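This report concerns only the one structure given below.
Just so it is clear, the model here is predicted, and its values are computed rather than measured. Below, read A as the first sequence line, B as the second, and so on, with proteins coming before strands; counting in each chain starts at 1.
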Protein chains: 2
Amino acid sequence: MKYIEKLRNSGLRPTKQRLQICEVLFDADKTFHFTINELEKKIKKQINSKISLATVYNTIHAFEKKGYLKQIPINSNQTYFDTNVSDHHHFYDLNDEKLIDLENCDVGPINILKKINGKKIKSVEVLVKLED
Amino acid sequence: MKYIEKLRNSGLRPTKQRLQICEVLFDADKTFHFTINELEKKIKKQINSKISLATVYNTIHAFEKKGYLKQIPINSNQTYFDTNVSDHHHFYDLNDEKLIDLENCDVGPINILKKINGKKIKSVEVLVKLED
DNA sequence: TAACTACTTTATAATGATTCTAAAAAAGTG
DNA sequence: CACTTTTTTAGAATCATTATAAAGTAGTTA
């Protein structure tokens, strides 16, 4: 299993559940966006075993902390995550309530001219809202 | 009352509660960011009467729909609003969990090169996360 | 002013995402 | 294996937000 090392290296024990979640998240052809609920359904369908909802939450948060997932800053009742952890941005289609990736190269360089004392920039994320 | 017209013009009846909320939101020296909870406290302190939580929610959503408030896209357990409805952006201080305005002129021009068929851009919002 | 309609407020209940709990299970270690 | 630490789990708890439905208010027309 290719994920055993990955987990061990980040100080997470490679449990059955975590490895299964890795498969669902990182064996996909393309990166994708998901909510915990959507992910739970996906797991149920793809892997033929049930993982407790609490475990899904725990795992996703652990993975996010380790940088294997990104949270997408958007106002929704549910939290959106992205398996694409490269530096990139998002369209949000207000009508269809769908997220679309917007690669860094599709947005000109962003220059933050204002500086805040004693703070450094961790990330710069652009959300482009779309309507019909 | 200067807000009576404003409300009437947008098809909202100028009720006592709405006018009081207008005062708290728009009579402040500076624009500010708030959650519904923070706003409720502010109302209680500033106006000497209680407005039902449901009314605060209704009013804030009505004002947002009319463009008198903006929702700030950020992942938090609570929704953040901004009385600054000009086209602008935000810093989010991860350590202090605080929002800071980032005016449009403090960010170089943003060019969205990718187009989505049949959709038009409604807004472009930048969130700059800060850490110590 | 009265009568009427449509909208608004309110307290409270319901919802639903997320977190907490504490006991059982699994992983790591010697 | 014996032992410690971490993880999983079901279910309960929390907490922001939304729904409900009854009472109140605004606007309108006469």
*Please tell me which of the listed nucleotides, D/dA16, C/dA17, C/dC20, lies nearest to the side chain of A/Tyr57?*
C/dA17

*Would you say the base of D/dT7 and the side-chain of A/Arg18 have a donor-acceptor pair closer than 3.5 Å?*
no

*Check the distance between C/dT9's C1' and B/Leu19's CG and give it to me in whole angstrom.*
14 Å

*Report the distance from atom NZ of A/Lys65 to atom C1' of D/dT6, rounded to the nearest whole Å.*
15 Å

*Does D/dA26 have OP1 or OP2 sitting under 4.0 Å from an N or O in the side chain of B/Thr15?*
no

*For B/Leu94, does its backbone N or O pair with a side-chain atom of B/Glu97 as donor and acceptor, under 3.5 Å?*
no

*Using a cut-off of less than 4.0 Å, is there contact between a side-chain N or O of B/Thr79 and OP1 or OP2 of D/dA16?*
no

*Can A/Lys98 be said to sit on top of A/Tyr92's aromatic six-ring, NZ or CZ under 6.0 Å from centre and within 45° of the ring axis?*
no

_Is A/Gln17 close enough to C/dA25 that one of its side-chain N or O atoms is under 4.0 Å from OP1 or OP2 there?_
no

*Between atom CD in A/Gln20 and atom P in D/dT7, what is the gap in whole Å?*
16 Å

*asked:* In this structure, how many angstroms lie between the P atom of C/dT19 and the CD1 atom of A/Ile60, rounded?
replied: 12 Å

*asked:* With nearest nucleotide decided by heavy atoms, which residue, B/Tyr80 or A/Lys16, maps closer to the 5′ end of DNA chain D?
replied: A/Lys16

*Would a 4.5 Å heavy-atom cut-off, applied to side chains only, mark B/His90 and B/Leu102 as touching?*
no

*Below 4.0 angstrom from OP1 or OP2 of C/dA17, is there any side-chain N or O of A/Asn37?*
yes

_Whether the side chain of A/Asn104 engages the backbone of A/Asp87 through a donor-acceptor N/O pair (distance < 3.5 Å, no angle test) should be reported._
yes

*Under 4.0 Å between a side-chain N or O of A/Ser52 and OP1 or OP2 of D/dA10?*
yes

*May I ask you to verify if any side-chain N or O of A/His61 is less than 4.0 angstrom from the OP1 or OP2 atom of C/dT18?*
no

_Separation of atom CZ in B/Phe34 from atom C1' in D/dA16, rounded to whole Å_ = 15 Å

_Tell me the interatomic distance from B/Asn77, atom CG, to D/dA13, atom P, rounded to whole angstroms._
21 Å

_With a 6.0 Å cut-off (strictly less than), is the heavy-atom count around NZ of A/Lys45, excluding the residue itself, greater than 12?_
no

*Roughly how many Å is it from CZ in B/Arg8 to P in D/dA26, rounded to a whole number?*
10 Å

*asked:* Under 4.0 Å, heavy atoms only, any strand: does B/Thr55 hit a base, just the sugar-phosphate, or nothing?
replied: base

*Taking only N and O in the side chain of A/Asn58, is any of them less than 4.0 Å away from OP1 or OP2 of D/dT8?*
no

*May I ask you to evaluate whether A/Lys50 reaches the phosphate of D/dA10, defined as a side-chain N or O under 4.0 Å from OP1 or OP2?*
yes

*Which one, D/dA26, D/dT17, D/dT7, comes nearest to the side chain of B/Arg13?*
D/dA26

*A/Phe63 CZ - D/dT7 C1' separation (whole Å)*: 13 Å

*Closest-nucleotide ordering on DNA chain D, the 5'-leading residue of B/Pro14 and B/Ala54*: B/Ala54

*Is the Lys NZ or Arg CZ of B/Lys70 less than 6.0 Å from the centre of B/Phe63's six-membered ring, within 45° of the axis?*
no

